[in-house]
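Working notes for the structure below.
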Number of protein chains: 2
Amino acid sequence: MKNEDEPKDKRLKPGDAQKLTMAEVAKYVGVSAMTVSRAFRQDASVSEETRKRIMEAVDALGYVLDLSAGSLSSRRSGFIAALVPSINNSNFSDTARGMTDALQNTGLQLLLGYTDYSAEKEEELIEAMLRRRPEGIILTGGSHTARARRMLAKAGIPVVETWELPEDPINQVVGFSNSEAMALLVRTLASQGYRKFGYIGGTTARDTRGSQRRSGFQKTVEELGLGPGRMISFGVPPITMEQGGQAIVSLLERWPDTEVVLCVSDLSAFGAIMECTRRGMKVPRDIAIAGFGDYEISSICHPRITTINVDCYGIGRQAAARLLDALHAGGSTGDEITLTSYKVVLRESTERAGVPTA
Amino acid sequence: MKNEDEPKDKRLKPGDAQKLTMAEVAKYVGVSAMTVSRAFRQDASVSEETRKRIMEAVDALGYVLDLSAGSLSSRRSGFIAALVPSINNSNFSDTARGMTDALQNTGLQLLLGYTDYSAEKEEELIEAMLRRRPEGIILTGGSHTARARRMLAKAGIPVVETWELPEDPINQVVGFSNSEAMALLVRTLASQGYRKFGYIGGTTARDTRGSQRRSGFQKTVEELGLGPGRMISFGVPPITMEQGGQAIVSLLERWPDTEVVLCVSDLSAFGAIMECTRRGMKVPRDIAIAGFGDYEISSICHPRITTINVDCYGIGRQAAARLLDALHAGGSTGDEITLTSYKVVLRESTERAGVPTA
DNA sequence: CGACAGGATGATATCGATAACAATTTCAGG
DNA sequence: CCTGAAATTGTTATCGATATCATCCTGTCG
């Protein structure tokens with residue numbers, strides 16, 4: 001549009017206008033547009049010789065395929081939509097990378113959005129995404145607004161929920177039980193002799209994975225007869241390191257004899273450890289601290305942090321793979337649940353004097 | 001498509017098939033499709049009453065606008081493409097967030113891709129993006145393949161390069177001089193009395209920002225008459241914390257009397273500090289260490305890390321804003337350079353005994 | 001009271017590719 | 001040399017919305 005109003009001195013040759021279309025490439029080569037279209041896909045039957053000539057012309061003219069036109073007539077957008085709570089959290093960006101990698105060479109492109117841990121924002125994004133007619137959609141977690149669920153149902157595309165095991169799955173699930181993972185960590189530490197457990201996590205239910213970890217903690221501590229856990233909450237997600245530092249201070253003020261503190265994430269665990277160090281306390285000598293998520297930092301910092309390793313990348317990769325399965329099967333796959341692995345990683349931050357971790 | 005082959009027991013009422021189109025909404029309301037189309041945009045002239053009826057119908061039927069059809073006829077895709085080296089690096093994810101935020105309520109959607117610090121991958125991605133006919137494109141850095149430049153030129157859309165000041169800008173630029181920022185850090189530390197400077201950075205030229213920081217370091221150390229800097233290189237990007245730990249070990253083996261080490265990023269600085277701590281060295285007493293990027297970790301860890309604060313979020317936000325300007329101006333804007341701010345943040349990791357930082 | 005500005009709505013062509021089917025060519029085997 | 005199946009290419013209609021221009025309606029002002 002621009003260069004029709006005012007023919008500027010762009011360094012483009014006359015014929016170079018960007019309105020280049022498949023038909024023009026076809027005319028240039030002396031074939032029909034349909035043949036050019038076929039040449040762009042490997043499966044279509046076009047003679048090698050013709051394809052070569054077409055591709056040369058494409059190169060010479062600088063033609064770029066227009067997928068928006070293509071997807072209209074083929075009724076395939078080539079998009080997979082994915083919504084994550086935050087892209088700044090390396091756990092989720094690992095998941096996003098897993099999805100991107102799994103879609104490599106499938107002709108599908110990832111359309112990524114951030115919900116900021118908000119179901120309302122998620123609803124908006126789902127609508128925005130559906131307007132692009134994605135062929136499948138990947139969500140984080142299982143809590144969605146009613147309208148979001150309605151839109152997804154109507155869209156008639158495969159849905160994969162990740163990072164949790166929703167009670168009422170929409171379709172497919174790729175994730176693990178956050179509460180059981182946290183329970184495992186509690187039991188592991190209890191078996192090492194810890195008795196007085198503290199917990200640091202977010203306040204709201206917005207971070208559903210956080211809430212699940214919290215309840216897994218609480219339930220297990222009680223089951224083990226260790227009394228009610230000592231819980232400190234900080235603000236809303238996203239979780240920051242700083243909040244961990246503030247929280248450990250309140251926790252120790254209130255319950256100075258706490259032996260071990262579990263944190264909703266490694267980031268808050270790290271903040272807590274650094275704050276302790278700053279105040280002259282030694283971790284784990286004076287207090288043991290563990291995290292969740294096995295972020296890079298936890299294996300590097302001093303002391304190294306005990307945590308739950310989650311297969312973030314695998315979650316993304318498998319979610320995309322399940323979606324691809326569903327697409328190939330023409331949507332006739334059952335609504336399966338794919339469990340992803342997690343494991344306790346014991347490190348320095350919870351080592352007991354005389355009780356080696358290895 | 002699925003439910004035409006096999007009418008399954010989906011809990012959808014008969015009329016609920018997903019092939020709902022604007023024309024059907026129109027028929028339902030008793031208006032023309034054109035009026036429905038107008039109702040979806042705020043500026044169009046549709047009577048309030050009609051719009052209300054249409055929106056009710058949209059709600060009742062569960063219609064979702066189809067942008068792929070819309071963008072074909074309006075010749076506006078509603079996409080802005082953005083390429084970043086890595087999404088797992090919080091500096092870049094902050095930039096991505098800045099872009100997303102700036103596009104809020106503009107009707108434009110971000111199409112994000114990762115180049116993995118590779119110009120070849122960038123070229124592929126640029127082509128993939130251009131097939132979606134984005135209205136503008138944001139790139140990281142200024143080094144692109146010749147074909148990438150050609151494609152961008154032909155596309156005739158505004159381009160913004162970020163995070164650097166390319167020598168030969170394509171169009172607009174939003175960034176800062178990495179070498180000058182590093183030079184500033186060197187001078188600041190030199191003015192505090194440091195004389196024996198070491199540097200830790202990546203090996204390859206793939207991370208162009210890293211190379212620029214390195215050359216800024218080297219040049220400034222020499223200018224100050226402090227001899228050639230002591231440089232240690234580790235592997236290819238992305239930068240990991242672990243590499244920082246390994247690098248500081250080699251550096252101190254080779255030049256044990258080094259007083260201060262500058263790192264290409266806070267992540268490697270953190271790794272280096274933790275490794276020192278682990279080996280019984282105290283930072284900054286035994287050696288001072290500084291980073292680059294002011295990641296969250298640097299203000300939390302112990303000791304807190306001296307670094308260069310970069311306006312990552314602002315880079316994204318402004319890049320998107322410049323693109324919007326260009327789109328509103330119909331592409332007639334000059335090719336400006338927008339400088340973003342950076343500043344030295346002095347913290348514990350470079351404090352000299354008796355020389356307070358504040 | 002008539003005419004006309006301007007708001008609201010409709011009809012039609014079109015965006016650029018691809019699906020579906022038709023036509024043509026090629027070539028093996030009888 | 002002929003026949004028919006397979007390979008290759010072409011023709012036409014279409015995907016679902018929007019640009020554009022035409023039409024209709026309302027109300028106001030001279």
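Protein chains get the first letters and strands the later ones, always in sequence-line order, with residue 1 at the start of each.
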On a plain distance test, is the side chain of Arg38(B) in donor-acceptor contact with the base of dG10(C) below 3.5 Å?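 Check passes, donor-acceptor contact within cut-off.
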With a non-hydrogen cut-off below 4.0 angstrom, is [X] in contact with a base, only sugar-phosphate, or nothing?
X: Val36(B); answer: nothing
X: Arg41(A); answer: sugar-phosphate
X: Thr50(A); answer: sugar-phosphate
X: Met22(A); answer: sugar-phosphate

For His144(B), the option from Glu123(B), Glu161(B), Arg150(B) that meets side-chain hydrogen bond (donor to acceptor under 3.5 Å, both in side chains): Glu161(B)
Between [N] atom [atom2] and [X] atom [atom1], what is the distance in whole Å?
X: Leu67(B); N: dT18(D); atom1: CG; atom2: P; answer: 8 Å
X: Glu24(A); N: dG16(C); atom1: CD; atom2: P; answer: 9 Å
X: Arg133(A); N: dG16(D); atom1: CZ; atom2: P; answer: 9 Å
X: Phe40(B); N: dT18(D); atom1: CZ; atom2: P; answer: 9 Å
X: Leu72(A); N: dA17(D); atom1: CG; atom2: P; answer: 9 Å
X: Arg75(B); N: dT20(D); atom1: CZ; atom2: P; answer: 10 Å
X: Glu49(A); N: dT25(C); atom1: CD; atom2: C1'; answer: 15 Å
X: Ile54(B); N: dA8(C); atom1: CD1; atom2: P; answer: 12 Å

Residue met sooner reading DNA chain D from 5', once Glu48(A) and Met34(A) are mapped to nucleotides: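 Checking each residue's closest nucleotide, the 5'-ward one belongs to Glu48(A).
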Basic-acidic side-chain contact under 4.0 Å: [X], [Y]:
X: Asp325(A); Y: Arg322(A); answer: yes
X: Asp66(B); Y: Arg75(A); answer: no
X: Arg53(B); Y: Glu49(B); answer: yes

Five-pair end axes of the helix from dC1(C)-dG30(D) to dG30(C)-dC1(D), angle between them (10°):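 For the helix from dC1(C)-dG30(D) to dG30(C)-dC1(D), the axes at either end differ by 40°.
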Shortest non-hydrogen separation from Val64(B) to Glu127(A) and the atoms involved: CG1-O, 4.4 Å
Counting just side-chain N and O atoms, does [X] come under 4.0 Å of either OP1 or OP2 of [N]?
X: Ser47(A); N: dT9(D); result: yes
X: Ser32(A); N: dG10(D); result: yes
X: Arg76(A); N: dT18(C); result: no
X: Ser74(A); N: dA17(C); result: no
X: Thr35(B); N: dG10(C); result: yes
X: Thr21(B); N: dA17(D); result: yes

Sidechain-backbone polar pair: Lys121(A) side chain, Pro85(A) backbone, donor-acceptor under 3.5 Å: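 No, because the side chain of Lys121(A) does not come within donor-acceptor range (under 3.5 Å) of the backbone of Pro85(A).
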Can you figure out which of dT18(C), dT9(C), dT18(D) approaches the side chain of Ser37(B) most closely? dT18(D)
Of the nucleotides dT9(D), dA17(C), dT11(D), which has the atom closest to the Asp66(A) side chain? dA17(C)
Can Arg131(A) be said to sit on top of Phe40(B)'s aromatic six-ring, NZ or CZ under 6.0 Å from centre and within 45° of the ring axis?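 No, a cation-pi geometry is absent between Arg131(A) and Phe40(B).
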5'-most contact on DNA chain C: Ser45(B) or Leu65(A), nearest heavy atom basis? Ser45(B)
Would you tell me whether Ser32(A) and Thr35(A) have side-chain atoms, one donor and one acceptor, within less than 3.5 Å of each other?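 Distance-only check passes for Ser32(A) and Thr35(A).
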